[in-house]
Chemist: 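What follows is a structure written as structure tokens; I'll ask about it next.
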Amino acid sequence: MNKSSQILNDFINQIKTNRYWKLGEPVVVAVSTGVDSMVLLNLLTKLPSSCKPQIIVAHVTIS
């Protein structure tokens, strides 16, 4: 298993274990286009349908 697959599997296990949201529940993800924001958004989009929320993306910029 490669590193990105392991990270995704760990993320899925955390979501299932901690039940951060109910299935299909809307979750707002604030992103800044930084690496951490993009990784989080990518992980959320790759979740299996059995634990995927409705993803709402809010782009945040500081001027």
Chemist: Please identify which of these residues, Asn42, Leu43, Leu44, meets the side chain to side chain contact (heavy atoms under 4.5 Å, CB included) condition with Lys46.
Modeler: Asn42
Chemist: Search all heavy atoms of Met38 against all heavy atoms of Val31 and return the closest pair with its distance.
Modeler: CE-CB, 3.8 Å
Chemist: List for me each residue that meets side chain to side chain contact (heavy atoms under 4.5 Å, CB included) alongside Leu23, sequence neighbours excluded, and say none if there are none.
Modeler: none
Chemist: So, do Val27 and Tyr20 sit near enough that their side-chain heavy atoms are less than 4.5 Å apart?
Modeler: no
Chemist: Would you check if the side chain of Ser37 reaches a backbone N or O of Ser32 as a donor-acceptor pair within less than 3.5 Å?
Modeler: yes
Chemist: Okay, side chain of Lys16, backbone of Cys51: is any donor-acceptor separation there less than 3.5 Å?
Modeler: no
Chemist: Just how far is it from atom NZ of Lys3 to atom CG of Leu8, taken to the nearest 0.5 Å?
Modeler: 13.0 Å
Chemist: Within the 4.5 Å heavy-atom criterion, are Ile55 and Leu41 side-chain neighbours or not?
Modeler: yes
Chemist: With side-chain hydrogen bond (donor to acceptor under 3.5 Å, both in side chains) as the criterion, how do Asp10 and Gln6 come out once you've worked through the C-alpha distance, each side chain's angles and the decisive distance to 0.1 Å?
Modeler: CA-CA 6 Å; Asp10 290 347; Gln6 184 61 50; 2.8 Å; yes
Chemist: Do Val57 and Val35 sit in one hydrophobic cluster, given that two such residues count as connected whenever their side-chain heavy atoms are within less than 4.5 Å of each other, even indirectly?
Modeler: yes
Chemist: Going hydrophobic residue to hydrophobic residue with side-chain gaps under 4.5 angstrom, can you get from Ile56 over to Leu47?
Modeler: no
Chemist: Should His59 and Thr33 count as side-chain neighbours, where that means a heavy-atom distance under 4.5 Å?
Modeler: yes
